[in-house]
Amino acid sequence: MKNEITLKIKSNFIDKYKNGYPLIFQESILNLASLREEGAIVTLVDEKNHFIARGYYGRQNKGYGWVLSRKINEEIDEAFFQSSIASALNQRKSLYQDTETTAFRAFNGEGDGIGGFTIDYFDGYYLINWYSEGIYRFKDMILGALTSLVDPKAIYQKKRFDSSGQYIEADDFVLGERPEFPLIVKENGVNFAIYLNDGAMVGVFLDQRDVRKKIRDQYAKNRSVLNTFSYTGAFSVFAALGGATNTTSVDLANRSLPKTIEQFNINGIDEKDQTIIVQDVFQYFKYANRKNLQFDMVILDPPSFARSKKHTFSASKDYTDLLKQTISITADKGIIVASTNCSTFNMNTFKGFIDKAFKEMKANYRLVEEFSLPEDFKTIKAFTQGNYLKVLFIEKV
Ligand code: SAH
C-alpha cells in the first residue's frame with residue numbers, strides 16, 4: 001500500500017494492542033522518527049516483524065493515531081470505511097426510527113472502529129467532527145462511504161485539529177443544500193435550536209440525553225432548580241418542562257443569554273418566568289451564599305478546564321471545592337446533579353471527590369442515580385478513556 005510505514009512495537013506493549021487497545025501511543029513505538037506525514041497508513045509489527053495491526057498516523061492530543069484493523073489482508077479503502085459506518089448506522093436503527101428524538105451520534109470514533117472522527121445526526125443533516133489532520137486525509141473516502149449509505153440533506157464539518165481554534169463558516173459546509181439556521185431538532189419530544197455554521201459548539205451536547213430525560217421525568221417536579229455552566233440552558237428547559245417551580249441558569253458567556261431565551265421560547269416557555277444570569281459561576285456562588293439562597297436541585301456541568309478573569313477551574317483538581325460551595329446552597333433532601341466530561345479520572349475517583357466534599361462540609365448524602373455515555377456514544381472495553389462522561393445524582397440527606 002502506498003505511504004505504508006512499518007512501526008516496531010516494544011515487546012511489553014504487544015499484548016495491549018493485540019487485546020484491542022485502539023490508540024497508537026508514543027511509549028510503545030521503537031521507531032517514532034519514521035512517522036512523517038499525517039494520514040500515512042502504518043503497520044504495527046513486533047521485533048521479529050510479525051504483523052500485529054494496521055492503522056493510520058494522526059496527532060490527536062497525546063496520541064499518534066488509531067488502529068483500524070487486526071486482519072493482515074484488510075485494505076484501508078472506501079469499502080473498509082463503508083463497512084464500519086454501515087455497522088454503526090445499523091446499530092442506531094431505533095434512533096433513526098424514533099420521531100421524538102431526531103438528533104444523536106451516528107458514529108462514535110474508536111467506539112465504532114475508527115478513532116479520530118465522529119458523525120452526529122440532526123434531522124437529516126450530518127455533522128462530521130475531525131480530530132486530526134491524519135484522519136482528515138481520508139475525508140473523500142469517508143464522505144464517499146457515508147453518502148453511499150444515507151442521503152443527507154447536507155453535511156457540515158468541524159476541523160477540531162485546527163490549533164488556531166478559528167472556525168471559518170465557509171469551511172464548515174461540505175455538501176448538500178444549505179438550510180436556514182437554526183435547525184429545530186427534537187430530543188424526547190423537546191425542541192433544540194441547532195447551528196451547524198457557528199463555531200465548535202452547535203447548541204446542544206448530545207451525550208446528556210438520558211440525564212435530561214431523567215431530570216424532566218423524575219426529579220424536576222416542584223423543585224427550584226439552579227443550572228450552572230448552563231450554556232444554552234438545555235437542562236433548564238427539561239427541568240421547566242418537568243414541572244420545576246423555577247429555573248436559574250448561570251453561564252459566563254454573553255451568548256448564553258439569547259441562546260437560552262431561544263431554547264425556552266421554541267418550547268413554548270416564557271423566559272420571563274425563568275431566571276437567566278450571565279456571570280462567573282464562582283461569583284454567583286458567593287452571592288448565593290451571602291443571600292442564603294437554597295435550591296432543591298443544583299446542576300453542575302463544568303468544562304474539564306476553564307479560565308475566567310478571576311478563576312481557573314480544573315475538574316481533576318477543583319471539583320471537590322465546587323461541590324462544597326454547592327452543598328451549602330442545596331436544600332435538605334435536595335438533589336445535586338454532578339457531571340464531568342473529564343477523561344483523566346474515572347467514576348471511582350469522581351465518587352471520591354463527592355465523598356470528600358460532603359465529609360468536609362459535615363453533610364450526609366446518598367447516591368441516587370449514575371450515568372455514563374448513552375448507547376449511541378458507543379465505547380469499547382479496551383479503551384476506558386473513551387467513556388469520559390460521569391454523572392451522579394446525589395441526594396443531600
Ligand atoms: N451544561 C451545558 C454545557 C456546558 S458547556 C449543557 O448541558 O448544555 C460549558 C459552559 O461553561 C460554557 O457555556 C462556558 O461558557 C461555561 N463556563 C466556563 N467557565 C465558566 C465560569 N467560570 N462561570 C460560568 N460559566 C462558565
Side-chain angles (χ1 to χ4, degrees), residues 1-85 88 107-118 128-145 157-165 343-346 378-388:
M1 205 181 238
K2 208 174 99 210
N3 269 340
E4 193 149 336
I5 292 169
T6 302
L7 285 185
K8 286 220 178 192
I9 300 302
K10 292 181 192 164
S11 54
N12 47 329
F13 292 115
I14 289 168
D15 279 349
K16 190 164 173 126
Y17 286 116
K18 283 195 171 158
N19 291 332
Y21 193 75
L23 183 68
I24 301 172
F25 57 103
Q26 184 176 4
E27 308 89 284
S28 68
I29 308 169
L30 280 166
N31 56 328
L32 206 62
S34 316
L35 291 172
R36 296 244 155 80
E37 211 175 311
E38 290 204 32
I41 296 288
V42 296
T43 306
L44 279 50
V45 299
D46 65 16
E47 279 149 351
K48 290 185 187 136
N49 281 324
H50 291 140
F51 177 88
I52 304 167
R54 185 169 282 118
Y56 73 91
Y57 170 45
R59 299 295 304 273
Q60 183 180 338
N61 304 324
K62 289 185 181 145
Y64 277 73
W66 295 92
V67 169
L68 299 175
S69 170
R70 288 179 177 74
K71 296 179 198 148
I72 190 163
N73 291 321
E74 189 161 47
E75 292 260 0
I76 308 305
D77 52 12
E78 189 166 317
F80 170 82
F81 288 107
Q82 191 188 37
S83 98
S84 297
I85 296 173
F107 188 91
N108 196 38
E110 75 284 353
D112 282 300
I114 308 170
F117 79 106
T118 60
I128 305 181
N129 280 296
W130 307 104
Y131 287 94
S132 72
E133 180 76 49
I135 192 67
Y136 189 66
R137 299 283 172 98
F138 295 94
K139 176 180 171 181
D140 289 345
M141 279 194 219
I142 291 172
L143 286 176
Q157 66 180 359
K158 307 287 173 195
K159 290 199 242 169
R160 291 180 174 265
F161 55 90
D162 249 346
S163 54
S164 67
S343 58
T344 61
F345 57 86
N346 65 17
K378 200 179 164 206
T379 55
I380 47 173
K381 285 216 175 70
F383 192 63
T384 48
Q385 302 100 293
N387 197 352
Y388 57 86

Where [X] and [Y] come nearest, the two heavy atoms and their spacing:
X: Tyr56; Y: Gly115; value: OH-O, 2.7 Å
X: Lys8; Y: Asn31; value: N-OD1, 2.9 Å
X: Ala53; Y: Val67; value: CB-CG1, 3.8 Å
X: Thr379; Y: Gly386; value: CG2-O, 3.6 Å
X: Arg54; Y: Lys71; value: NH1-O, 3.9 Å

(message) My understanding is that only one of Thr43, Ile24, Val45 makes a side chain to side chain contact (heavy atoms under 4.5 Å, CB included) with Leu7; could you say which?
(response) Ile24
Is the side chain of [X] donor-acceptor paired with the backbone N or O of [Y] at a distance under 3.5 Å, no angle test?
X: Asp112; Y: Phe107; value: no
X: Glu38; Y: Arg59; value: yes
X: Asp46; Y: Lys48; value: yes

(message) With a sphere of 6.0 Å drawn around NZ of Lys18, does it hold more than 12 non-hydrogen atoms of other residues, nucleotides or ligands?
(response) no
(request) Tell me whether the centres of the aromatic rings in Phe383 and Trp66 are closer together than 6.0 Å. (result) yes
(request) Give me the one residue out of Tyr131, Trp130, Tyr136 that meets ring-ring contact (aromatic ring centres under 6.0 Å, His included) with Phe161. (result) Tyr136
(message) Could you walk me through whether Phe25 and Phe13 satisfy the ring-ring contact (aromatic ring centres under 6.0 Å, His included) test, starting with their C-alpha distance in whole Å, then the side-chain angles of each, then the deciding distance to 0.1 Å, before giving a yes or no?
(response) CA-CA 10 Å; Phe25 57 103; Phe13 292 115; 5.1 Å; yes
